[in-house]
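A single structure is presented below for examination.
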Number of protein chains: 2
Amino acid sequence: MAVTLKEVAERAGVSRSAVSRTFTEGASVSPKTRAKVEAAANELGYSPNALASSLTTGRTKLIGLVSNNFHNPLFLEVFDLFTRGLQDRGLRPLLVNLSHETDPANSVRMLRQYSVDGVIVASSTLPPSFAEAFRDAGVPVVHSFGRYTTSPHVHVVGIDNIACGRMAAEALIARGHKRVAFMGGPEGATSTQDRARGFFDALASHPEIEASVSYARAYSFDAGREEMARLLQSDPAEAYFGGDDVLSIGAMSAIADKGLRVPQDVGVIGLNDMAMARWQNINLTTIRQPVAEIIEASIDLVVGTIERPDRHPETRLFPCRVIERGTLRPCPT
Amino acid sequence: MAVTLKEVAERAGVSRSAVSRTFTEGASVSPKTRAKVEAAANELGYSPNALASSLTTGRTKLIGLVSNNFHNPLFLEVFDLFTRGLQDRGLRPLLVNLSHETDPANSVRMLRQYSVDGVIVASSTLPPSFAEAFRDAGVPVVHSFGRYTTSPHVHVVGIDNIACGRMAAEALIARGHKRVAFMGGPEGATSTQDRARGFFDALASHPEIEASVSYARAYSFDAGREEMARLLQSDPAEAYFGGDDVLSIGAMSAIADKGLRVPQDVGVIGLNDMAMARWQNINLTTIRQPVAEIIEASIDLVVGTIERPDRHPETRLFPCRVIERGTLRPCPT
DNA sequence: AAGATGTTTGCAACCGGTTGCAAAATGCTC
DNA sequence: GAGCATTTTGCAACCGGTTGCAAACATCTT
């Protein structure tokens, strides 16, 4: 079915090597043969088989894009940016949906079978050991939206979740709240753990402020709504740091159902700044995660590691900032 | 770096063929050699190179998943289901983000370079000619969420958008509305054209009902909001069929800002039933598109076409149904 | 015009597998 | 244990490319 090198070579009256070289960047071909080859290739509609060439070059230009966040609207933006960013560099994303899988062995084996040049693990909930399994298998890897560790074994790109937690606490303090709370995602998610830690760190120097914590069972609307409904049954806090935007939106839905107003009765600050947060009917005050920068850096890093595999593991953290909208009362002036 | 067939063969003391055959379904190997080979393979951590074998078998198990809908929350569900469904069948999705590209030539060339076994075009806005370009190149293809045509040139799986438009009109009529309107997505999108057609078809037999139409510039929150804000400046209809859920949610935001209530002052019915539609703070009455069934059928169809490439183009349309929630007043009894 | 230099070319081996074929091994029957 | 059918095995060619190497060719000196 497909046209091969050999057919082009015969038609152009040259050797197979000549054809191969015409399609290889920086190979030695005279303008004359190149012209002959290109003419023949056009007539036949030839384009080289990337997989066959990968056998000898050792490069497939395939990048495994591994994620378990297929229910978080932020990740639609993430996939959009990753696929575009990779395509712009001539790379192809091979998507792996982890869903409930937590053992990296299968993913590692599968992606090695396809000889991916590198892997990007895009997840804020997977443990660092997941990405490390790829490194151990000799596959260049970066953990995007991953957890910061002081002695990383793999490249990590993301935000400083501890700093974000702190930032959220400070935002609530600055608004004069005396009873605040952190409503996290699942307790096992690394991002939740870190955000909680930063949140309470910042509050440590404010003993006058009462703080509490609870965890939703998932980063989802329903979980946020349920958890907030539960919280509102007893004595709720004045303002909540929701571990994620969707969670916060769910929480706000429970607050509204209870007949309370946001931000007058209960304040909410989210995290992520997904597209939906700025919808006027949601208008969520939140902490913005610079998704585009994180993704750019992740791609740069994986490409860099492909070129120099022994490169030292690096952590790139991007600063977040509070986006003022309507779910937190203004700072007293 | 990677372990090869040859090394396993040497270690097991057998020929390369023997090793190949142990990893090939249904090949002839004695239990004894199989055991030797498996032992050696385990010790070395060998797993066969899928790309190399594809050279001779002609199968890569790669499926191109082509889409331009990276801003529609429904498509997060779509990608989730596609990736899982493909993985469950041992296939690997190679994701292609079309963004602004409308010429299929590049995608076709690229996916042929990677010898994908088949392609799924997942888009409700691309014209049929897009998928046809793959078929013309000899690549098995199905257009998922595509437009129904009476004499299809490629497999199409989706919904009957004309029937959906009709269903929406009937829902509004049943509720006793006398002034209704269709607020579509971009006028060029095939899905919008068909939904409009069905909507007005159904109204043709109800001359007493006044109907109007307008188009938002995109299937997005902002576009829906803008368009509805414009509509509300003059004399609005009693109830709107929004061409899509996100569009409808945007429209409702404009309605709320104007101080009008849904459904008492203005009714809204959407289309898709994306996860968000059932969020209690949105609670959108909408027409449900059976996404999971569409995706299952798409995968079945592309797999079937890979096995029998000359298979006659087929159209599989799935029935939609109205999901009653809170944005349309109840039917008078 | 011969020699030195640089460029272009084809040969042949290789990348990591698969597979048709014939030889070797095995299992059965008598 | 010979004779036969059946299964298992290895050889060698092939899939569609790339690349080191040496020969062929072109270009430039002197």
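Numbered from 1 within each chain, the chains take letters A, B, ... in sequence-line order.
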Partner of B:F75 under ring-ring contact (aromatic ring centres under 6.0 Å, His included), chosen from B:F82, B:F145, B:F70, B:Y219
B:F145
Quick one, which residues of residues 31-40 of chain B touch DNA chain D with a heavy atom under 4.0 Å?
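Close to the strand are B:T33.
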Mind checking whether A:V78 and A:N69 have side chains closer than 4.5 Å, heavy atoms only?
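They are not in side-chain contact.
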Please verify the inter-ring angle class for A:F130 with A:F134; under 30° counts as parallel, over 60° as perpendicular, anything in between as tilted.
tilted
Pairs under 3.5 Å (N/O, protein and nucleotides 12-18 of chain C):
residue, atom, partner, partner atom, Å
C:dG16, N2, B:A52, O, 3.3
C:dG17, OP1, B:N49, N, 3.2
C:dG17, OP2, B:L5, N, 2.7
C:dG17, O5', B:Y46, OH, 3.2
C:dG17, O5', B:N49, N, 3.4
C:dG17, N7, B:R16, NH2, 2.7
C:dG17, O6, B:R16, NH2, 3.1
C:dT18, OP2, B:S20, OG, 2.2
C:dT18, O5', B:S20, OG, 3.4
C:dT18, O4', B:T56, OG1, 2.8

Would the distance check show the side chain of A:H155 and the main-chain N or O of A:E314 forming a donor-acceptor pair, the cut-off being under 3.5 Å?
yes
Are A:D88 and A:R84 ion-paired here, with the side-chain N under 4.0 Å from a carboxylate O?
no
Determine, stepwise, if the pair B:N161 / B:S191 fulfils side chain to side chain donor-acceptor pair (under 3.5 Å).
CA-CA 6 Å; B:N161 280 301; B:S191 51; 5.4 Å; no
With the threshold set at 4.0 Å, does a side-chain nitrogen-carboxylate oxygen contact exist between B:R147 and B:D194?
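Answer for the salt bridge query: yes.
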Over its full length, what angle do the end axes of the helix from C:dA1-D:dT30 to C:dC30-D:dG1 make, each axis taken from five pairs and the result rounded to 10 degrees?
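Roughly 30°, once rounded to the nearest ten degrees.
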Do A:L301 and A:R311 have side chains that get closer than 4.5 Å, going by heavy atoms?
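Contact flag for A:L301/A:R311 side chains = yes.
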With a 4.0 Å cut-off on N to O distance, would you call A:R89 and A:E296 a salt bridge?
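Yes, charged N to carboxylate O under 4.0 Å.
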Salt bridge present between A:R34 and A:E38 (N-O < 4.0 angstrom)
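Answer for the salt bridge query: yes.
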